[in-house]
Structure formats: structure tokens, C-alpha cells
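Take a look at the structure below.
Order of the sequence lines fixes the chain letters, A, B, ..., with proteins taken first and strands second; residue numbering starts at 1 for each chain. In this text, all values refer to a predicted model and were calculated from it rather than measured experimentally.
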Amino acid sequence: MNVVLPDKSKIELVDGSTVADLAKKISEGLYKRAIAAKVNGNIVDLSYKLNENDEVTILTDKDAESLDILRHSTAHLMAHAVQQLFPDVKVTIGPVIQDGFFYDFDTNKPFTEDDLVKIEERMTELSKKDIKIERSEIDSNEAIKKFSDMGENYKVEIIQDIGESKISLYSQGDFTDLCRGPHVPSTGHIKYFKLLSVAGAYWRGDEKNKMLQRIYGTAWFKKSDLDEYINRLEEAKKRDHRKLGKELELYGTFDEIGSGLICWMPKGAKVRSTIEDFWRKEHYKNGYELLYTPHIGKATLWNTSGHLDFYSENMYSPMDIEGQNYFIKPMNCPFHIMIYKSKNRSYRDLPLRWAELGTVYRYERSGVLHGLLRVRGFTQDDAHIICAQDQIESEINEVLNFSLQIWKTFGFSSIKGYIATRPAKSVGDDSLWMAATNSLMNSIKQSGIEYELDEGGGAFYGPKIDLKVKDAIGREWQMTTIQFDFNLPERFDMTYVDKDGKEKRPYMVHRALLGSLERFFGVLIEHYAGAFPFWLAPVQIKIMNISDEQAEYCISLGKKLKENGFRVELDLRNEKIGYKIREAQMYKIPHMLVIGSQEKDNNLVTVRLRNGENKNNLDFSDYFSVINEINTNRSINLWR
RNA sequence: GCUGGCGUAGCUCAAUCGGUAGAGCAGCUGACUUGUAAUCAGCAGGUUGGGGGUUCAAUUCCUCUCGCCAGCUCCA
């Protein structure tokens with residue numbers, strides 16, 4: 001028989017040959033590195049029996065698909081080890097996830113950290129034995145009986161759910177698991193892995209079901225890849241905004257105040273006010289008007305908006321004010337709409353772009369709270385664009401460009417879009433959805449942003465674009481959202497009078513560029529690892545004298561800089577310069593002015609940059625022009 | 001909310017078998033007047049997250065509660 005290789009060449013094999021036979025025939029080296037194969041587009045094991053004219057691509061550890069196979073096999077290896085060590089434990093499922101895998105076990109005794117070590121050791125032993133991993137197919141009734149006898153009722157449930165007459169099993173030594181496969185040919189291929197954590201997880205992700213014990217792990221083909229991954233985790237840990245937020249005194253939360261409620265400390269507040277100033281300026285420049293609205297509103301308002309029907313789970317209990325129920329706001333939109341409705345609107349008024357740094361409160365379950373990234377009270381950089389149909393596309397264009405420009409300024413250049421279209425359960429005419437979705441598509445195409453389509457992923461009230469930004473270590477964060485709303489204009493009966501004198505319904509778009517200031521700040525901290533660019537740094541310049549003699553000169557320098565709006569601190573303590581530098585360095589202050597007698601006597605400054613570089617004996621005026629430049633340009637560099 | 005882990009000085013951490021809490025940094029005071037990531041000495045700092053229980057005795061064991069961490073679930 002003949003099979004076809006990727007280069008279209010044919011190779012002859014004896015009937016009944018497997019992929020492994022083919023690999024061996026091509027070269028011994030290929031056979032050794034072979035993990036699996038793609039036959040007519042399907043990924044199969046090396047033991048797969050080939051047929052006449054099959055198109056075969058042998059997958060080695062170089063192929064992307066192989067990594068998933070390896071990780072899946074590692075999950076099995078882990079289950080194998082767990083079953084040997086804890087015979088009472090029932091196995092459930094063990095899929096591959098990004099960068100690794102997990103396996104869920106049903107056990108009465110949760111795994112401890114020590115157990116993880118033991119399991120890992122056993123896995124290594126099993127790997128060293130290089131046990132063959134063999135596939136077999138059996139009748140599903142037979143399989144059900146087999147797993148029932150073993151007491152593996154989860155497997156029985158899975159087989160019944162699959163509903164096929166035949167199912168495949170994978171065996172390695174004394175361990176057999178139900179699995180679609182494919183797998184690496186033997187446990188010896190699994191060398192570089194690490195078990196990372198253990199946590200509870202519900203069977204089938206349903207909190208009504210029993211909670212299982214999930215062990216997470218990672219696996220790689222090369223030791224260097226594993227090491228690099230572990231490094232990446234450590235790097236992420238170093239950048240953790242919760243750690244840096246505390247070290248750099250940026251923000252705090254307090255048991256006494258409540259969880260998920262953020263206090264911005266002086267240093268964090270300086271960054272925030274810089275962000276806000278920039279934000280306001282840019283919004284005015286881009287044709288927005290700013291609004292301020294209250295934090296609470298009557299129940300009737302939230303009834304009209306529909307929030308009490310469909311969002312009440314996220315809203316806090318009402319407070320009674322003179323017999324009326326008031327709710328603290330989870331969103332700003334109803335307030336903006338009331339302002340819209342405060343007078344008759346003409347087509348001449350449109351588009352309206354109304355923005356507000358609006359602080360909202362939403363109930364989040366205690367278990368989901370996370371630093372600045374998931375909180376109960378936060379300030380959205382919210383805006384509502386109210387426009388006519390013929391304006392929607394240009395409005396979306398502008399929002400996208402505006403957003404890109406803002407992200408660029410903050411030092412994020414890699415951005416990806418996700419367009420979510422109409423879900424099954426939704427409100428609004430098809431024509432509205434069509435027009436809006438088209439405008440989103442056209443705009444994102446024009447913007448040049450790489451994007452994906454999320455069919456049916458829109459909110460019930462309209463389609464949306466979400467933007468994810470990539471940070472300095474390649475993690476993606478969902479920040480910007482641009483959403484059409486066909487619900488609220490209807491509910492509040494928003495109208496404008498068009499050219500023809502008829503009342504029409506405007507389009508309404510919600511958008512948040514940064515998302516929320518809290519979340520954005522968290523991401524910003526992680527992106528810069530706390531070392532903010534000059535224009536954002538809470539303390540931009542620290543002036544330090546060598547000895548008392550230069551104190552006055554330092555004070556006069558500080559005064560000049562402060563008068564010009566720079567954020568400056570002085571360190572005139574009787575300490576060695578090394579001590580002062582170390583402290584400023586730990587606070588990641590961009591510029592340190594080191595002032596000794598040389599500088600003082602000649603009206604100069606010596607600048608030590610955060611990166612350790614020195615700019616010696618500059619005229620103050622030269623230094624001043626440099627910092628003015630990098631500050632007004634919002635440069636991400638420490639020097640021009 | 002659920003499962004598991006954790007909670008000791010402002011911060012980072014220690015305390016044997018249950019025997020009544022200790023260090024570094026930070027803070028304060030003093031000396032040193034200093035040239036690129038920690039000068040020296042002294043002082044002070046704690047209801048061991050909170051409540052209840054077991055015990056002659058609890059940071060330690062039990063229990064409730066609050067908070068944090070990992071994940072699940074949730075994010076119309």
C-alpha cells in the first residue's frame with residue numbers, strides 16, 4: 001500500500017503498517033522524535049493503522065499540536081500516579097488548558113502540598129519506566145461494565161453521555177482511562193513537567209454538583225521551555241499589583257472598611273489624578289462633554305431601566321429615604337439618559353458624546369474579588385454616545401481611534417478586537433442589529449486592529465467590540481468595551497426630532513476605554529512592574545543632598561520644579577548618598593538629583609536615572625528642558 | 001457563595017511536644033556630614049485577625065466569625 005507524505009511524495013508500506021512503522025521507514029531519528037501524526041487531517045497515535053492513500057504528517061515535538069498531546073498524556077500520567085498512591089480516589093476528567101493541564105479527582109481527603117510532591121515523584125518514576133501507552137477500542141456497554149466494576153462512576157457517566165457504541169481506552173501498565181486520545185507512545189516521552197496547584201472544582205462546572213479536587217500542572221518537551229515557563233510565573237508574581245501596590249504605597253484595602261473597596265493612597269492617587277487629567281483633556285479634545293451624576297437613584301429609575309429585573313443580583317439592597325427606596329448605582333447610563341431627556345433634542349444636537357468618571361458599586365461574590373482587578377466599588381471611564389443612524393459608523397470609528405491613541409500613550413501597543421454579534425435571546429429589530437454590527441465590522445477593519453468574531457456573543461441589548469491589550473509580559477487583558485444598546489432608548493423612550501419633523505429613536509453606544517480606573521491601574525502597575533514612566537510616576541524627581549551644605553540649594557531646586565508642576569520630593573536627611581539612592585530606587589522614582597558641592601557651586605544638577613545611568617553636571621536649564629519634553633510628550637523613556 | 005490553604009509588630013518572617021512571643025527592615029532618639037542600592041548605637045513597638053470552648057496553661061487543639069490566597073462558580 002502507499003501513503004502520501006506532506007511533500008506529496010508517496011511511500012510504499014506493507015499492509016497493516018502503523019504510523020510508527022512509517023516513521024521508522026523514513027528515518028530512525030524521526031521515529032524517535034515522533035509523538036503522533038496527522039492522517040487526513042485527524043490527529044492519531046503512532047499505533048494508528050494506515051490505509052491506502054492516507055495523507056500522513058508525522059508530528060514531532062516541534063509541532064504545535066504535539067504539545068497538547070504531551071500535556072494530555074501528562075494528565076494521564078498524573079492520574080496513573082494518583083491511582084497508585086490513593087487507590088480510593090475516583091478519576092474524572094483531565095483536559096489540556098493553556099500552558100498545561102488539569103485532572104479532577106473525587107476524593108474524600110483533599111490533596112495537600114505534600115501529596116503533590118509525592119504524586120510528582122511517582123510520575124517521575126512511571127516516566128522512567130517508559131511504559132507503553134496503548135490504545136484499544138471496546139464496545140461501550142462493555143466499557144460501562146468495566147468502569148462500573150472499578151467503581152469509576154464518573155467514567156460511566158461520561159460514556160453514557162458520549163452515546164457511541166464503541167469507545168476508546170488508553171492503557172499504560174496497570175492504569176486504564178477512557179480517552180479519545182491521541183497520546184504520546186510511552187510514558188518516557190513525558191519528562192519535563194511540574195504540578196502547580198490544587199483547588200476545588202465542581203463536577204462538570206456546576207456548583208450544584210459535588211466538588212472535586214483539581215490538580216493543575218504544566219508539561220513541556222524541553223527542560224529550557226519548562227524553566228522559561230516557571231520563570232514567567234515568577235516574573236508575573238514579581239509584577240503582581242497587590243504586592244507592588246503595598247510596597248510602593250499605591251493603594252490599600254482594609255478589613256475594617258470591607259473587601260473589594262479600594263483606598264487610593266497618596267502615591268496611587270497622584271498617578272490616578274495624572275491619568276484623570278490626561279483623560280479629561282483628551283475627551284474634551286475629542287468632542288466629548290463631561291458629566292457628573294449622583295451615586296444613588298430611586299427604585300423607579302432602576303425599574304424603568306430594567307436593572308431591577310435583570311441586574312438586581314449585582315445590586316446592593318436599597319436604602320429607605322422618606323419612604324422611597326433608593327439604590328446605589330451599578331451603572332451610570334440611566335443618569336445620562338435623564339440628562340438627555342431633560343429637554344427636546346434635535347437631529348442638530350447629535351451626536352452627543354457624554355463622558356463621566358462615574359463611580360459604581362456592584363455586588364461581587366466574595367470569592368471572586370481580586371486586588372484591583374475585581375472589586376465591588378469602582379470608577380468607570382464611562383461615556384454614552386447618542387447619535388442618529390447615519391452617524392454610527394463614523395462614531396464607532398472615532399471611538400476606536402481614540403481608544404488606540406489612549407492605549408498607545410499608556411505604552412500598550414498590541415491590541416486585539418473581539419466583535420460579539422446577536423445572541424439568540426435579545427431585543428431590538430433585526431435592522432438595528434444589522435446596521436450596528438456592520439458599523440462595528442467596518443470600523444474595526446478600517447482601524448487595522450486584528451480581530452476575531454464571537455458569533456452570538458453579544459449582550460441581549462446590542463452587539464459590541466471588546467478590545468484586549470497585551471502587557472509587557474504578553475498577557476492579554478480585556479479593557480475597552482464599545483456596546484450598542486437597543487434596550488435603554490426604548491425603555492426610556494428617548495427621541496429626537498429629525499429634519500422631517502418626526503420623532504425618531506436615537507442610537508445609543510456605551511463605551512469605556514480604560515474600563516475602570518481601579519482595574520486599569522492594576523494592569524498598569526503590572527505592565528510597568530511598578531516603574532511608571534516619568535509622566536505618570538507618583539514621585540517624578542527625588543532631590544538628595546550629599547551633605548547639609550547643599551540643603552538650601554536643593555530646596556530652591558525643589559521649589560522651581562514644583563512651581564512648574566513636577567512631582568518632587570526632597571531627601572535632606574543626614575544619610576549617606578547610597579542610602580538615599582537605595583530608598584529612591586526601591587520606590588522606582590524615575591529621576592534622582594544628586595546634589596553635592598560641585599553641583600551647588602556651579603548651579604548644576606547631576607541626574608541618576610532609575611536605570612542606573614548618570615547624567616553628570618547638567619545646567620539646570622538643560623535638565624529643565626529635558627523633563628519638560630519627556631513630560632509633555634508623555635514619553636515612556638526616562639530621558640529624551 | 002463553594003472547596004482547600006493561610007492570618008504572629010507598619011513590612012518580611014521565626015517560636016520544639018500546648019509552658020504565656022523573637023529577629024531583620026521601617027519608626028523614634030543620639031552620634032557620624034557623608035559622591036551613586038543599606039554608617040553605628042540605643043529606645044519603643046504585640047489582647048498572636050475577632051468571639052467562644054477544651055486545658056493548670058492556647059500563637060499552638062476544637063468551634064464560630066472576619067479577611068487574604070489558589071481555583072470553581074458568577075460576570076444580564
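Aromatic rings of A:Tyr311 and A:Trp302 (six-membered ring for Trp) have centroids beyond the 6.0 Å cut-off, not under it.
Between B:C68 and B:U8, the two C1' atoms lie 15 Å apart (nearest whole Å). If you take atom P in B:G24 and the same atom in B:C32, they sit 24 Å apart, rounded to whole Å. Between B:C72 and B:U39, the two P atoms lie 46 Å apart (nearest whole Å). Look at the P atom in both B:A14 and B:G7: the space between them is 9 Å, to the nearest Å. B:U16 and B:G4 have their C1' atoms separated by 27 Å, with the value rounded to a whole Å. On the C1' atoms, B:U59 is 35 Å away from B:U73, given to the nearest whole Å. Comparing B:G10 with B:G49, their P atoms sit 12 Å apart, to the nearest whole Å. The gap from the P atom of B:G46 to that of B:C6 amounts to 27 Å, rounded to the nearest Å.
Considering only the side chain of A:Ala199, B:A70 comes nearest among B:A70, B:U34, B:G27. The side chain of A:Ile581 lies closest to B:U36, out of B:G67, B:G35, B:U36. Nearest to the side chain of A:Val368, among B:A76, B:U3, B:C72, sits B:C72. When distances are taken from the side chain of A:Ser547 to each of B:A76, B:G35, B:U33, the shortest belongs to B:U33. Considering only the side chain of A:Met211, B:U3 comes nearest among B:U33, B:U3, B:C72. Nearest to the side chain of A:Lys576, among B:A76, B:A37, B:U39, sits B:U39. Among B:C74, B:U3, B:A76, the nucleotide with an atom closest to any side-chain atom of A:Arg365 is B:C74. Side-chain proximity of A:Tyr579 to B:G27, B:C74, B:G35: nearest is B:G27. Looking at the side chain of A:Lys246, the nearest of the listed nucleotides B:C11, B:U39, B:G67 is B:C11. Nearest nucleotide to the A:Arg242 side chain, out of B:G71, B:U36, B:C69: B:C69.
OP1 or OP2 of B:A70 has at least one side-chain nitrogen or oxygen of A:His370 nearer than 4.0 Å. In this structure, A:Lys208 does not reach the B:U73 phosphate: none of its side-chain N or O atoms is under 4.0 Å from OP1 or OP2. Side-chain nitrogen and oxygen atoms of A:Ser197 include none within less than 4.0 Å of the OP1 or OP2 phosphate oxygen of B:G71. OP1 or OP2 of B:C72 sits under 4.0 Å from a side-chain N or O of A:Tyr216.
Pair assignment for B:G35: none, as no Watson-Crick or G-U wobble contacts are both less than 3.5 Å. In this entry B:C2 has B:G71 as its Watson-Crick or G-U wobble partner, both defining distances falling under 3.5 Å. Searching all strands for a Watson-Crick or G-U wobble partner of B:A15 with both distances below 3.5 Å returns nothing. Using the Watson-Crick or G-U wobble rule with both distances under 3.5 Å, B:U8 pairs with nothing in any strand shown. Of all nucleotides present, none satisfies the Watson-Crick or G-U wobble test against B:U55 with each distance under 3.5 Å.
In this structure, CG of A:Asp115 is placed 14 Å from P of B:G4, rounded to the nearest angstrom. Regarding A:Lys243, its NZ atom lies at a distance of 10 Å from the P atom of B:U12, rounded to whole Å.
Counting heavy atoms from C-beta outward, A:Asp99 and A:Trp220 have side chains that approach closer than 4.5 Å.
Among the heavy atoms of the strands lying under 4.0 Å from A:Gly578 are primed sugar atoms or P, OP1, OP2 only; no base atom is included. Within the 4.0 angstrom heavy-atom criterion, base atoms lie near A:Glu599. Among the protein residues, A:Asn314 comes within range of no part of the nucleic acid, since none of its heavy atoms lies under 4.0 Å from any strand. Within 4.0 Å of A:Ser597, counting heavy atoms only, lies at least one base atom of the nucleic acid. Residue A:Gln213 is classed as a sugar-phosphate contact, given heavy-atom separations below 4.0 Å to backbone atoms only. Across all strands, A:Ser366 comes closer than 4.0 Å to base atoms (heavy-atom distances). Across all strands, A:Glu247 comes closer than 4.0 Å to no nucleic acid atom at all (heavy-atom distances).
Each of A:Phe111 and A:Ala201 was assigned the nucleotide of RNA chain B with the nearest heavy atom; the assignment lying further toward the 5' end belongs to A:Phe111. Each of A:Met586 and A:Gly205 was matched to the nucleotide of RNA chain B holding its nearest heavy atom; the match closer to the 5' end belongs to A:Met586.
In terms of polar N and O atoms assigned as donor or acceptor, the side chain of A:Glu256 never comes within less than 3.5 Å of the base of B:G67 in a complementary pairing. In terms of polar N and O atoms assigned as donor or acceptor, the side chain of A:Tyr202 comes within less than 3.5 Å of the base of B:G1 in a complementary pairing.
Annotation: cation-pi pair A:Lys464/A:Phe484 absent, no NZ/CZ under 6.0 Å from the ring centroid and within 45° of its normal.
Put simply, the side chain of A:Glu526 never gets that close to the backbone of A:Gly522: no donor and acceptor are under 3.5 Å apart.
A salt bridge links A:Arg573 with A:Glu583: the closest approach of a Lys/Arg side-chain nitrogen to an acidic carboxylate oxygen falls below 4.0 angstrom.
The neighbour count for A:Glu552 CD, taken as heavy atoms of other residues, nucleotides or ligands under 6.0 Å away, does not exceed 12.
With A:Thr107 as reference, A:Val89 is the one residue of A:Leu212, A:Val89, A:Asp115 to meet the side chain to side chain contact (heavy atoms under 4.5 Å, CB included) rule.
A:Ser516 and A:Gln380 are not linked by any side-chain donor-acceptor pair at a separation below 3.5 angstrom, with hydrogens and angles left out of the test.
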